[in-house]
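Below you'll find the structure, written out as structure tokens, and then a few comments.
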Amino acid sequence: PWRTSPAGASVGMTWSQLEHTYGSRGHLVYNRDGDQAYVVRISSRVELYTGHPIRSGIGYMQVGPANFVLRNFLRGPAR
């Protein structure tokens with residue numbers, strides 16, 4: 001089933017739709033490999049949206065503690 005954030009964001013949206021939904025509450029970040037994500041901080045937690053492997057737009061949404069979710073994205077894949 002599709003999951004939607006409290007603000008109305010979901011997998012399948014375009015990056016511009018996501019930016020329109022969150023405005024100044026979110027921003028783009030890039031990890032060491034150049035992968036793009038959109039992050040929205042909510043207290044000590046984050047909503048992290050990453051790209052889709054086949055088509056353009058949002059393919060994955062992860063929610064959790066910022067010190068875990070955001071840190072792991074920024075580090076990039078395990079080497």
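Taking 4.5 Å as the limit, some side-chain heavy atom of Glu47 sits within range of a side-chain heavy atom of Tyr22. At a threshold of 4.5 Å between non-hydrogen side-chain atoms, the residues Arg75 and Asn31 do not count as touching. Between Tyr49 and Met13, every side-chain heavy-atom pair lies at or beyond the 4.5 Å cut-off. Using a 4.5 Å heavy-atom cutoff, the side chains of Val11 and Arg3 are not in contact. Side-chain contact between Leu48 and Leu70 is present, with at least one heavy-atom pair separated by less than 4.5 Å.
Side-chain heavy atoms closer than 4.5 Å link hydrophobic residues (I, L, V, M, F, W, Y) into clusters, and following such links, even through other members, never connects Leu28 to Phe73. Hydrophobic clustering keeps Tyr60 apart from Tyr30 (ILVMFWY residues linked when any side-chain heavy atoms are closer than 4.5 Å, directly or through intermediates). At a threshold of 4.5 Å between side-chain heavy atoms, the hydrophobic network of Ile, Leu, Val, Met, Phe, Trp and Tyr places Val40 and Val63 in one connected group.
When the shell of 6.0 Å around NE2 of His20 is examined, it contains 12 or fewer heavy atoms from other residues, nucleotides or ligands.
Among the candidates Thr14, Thr50, Leu18, the single residue satisfying the side chain to side chain contact (heavy atoms under 4.5 Å, CB included) test with Ile58 is Leu18.
When every heavy atom of Thr21 is checked against every heavy atom of Ala7, the shortest pair comes out as CG2-O, 3.5 Å. Scanning both residues, Ser10 and Thr4, for their nearest heavy atoms gives CB-OG1, 4.1 Å.
Taken from CG in Leu74 to CG in Asp35, the straight-line distance is 11.0 Å, to the nearest 0.5 Å.
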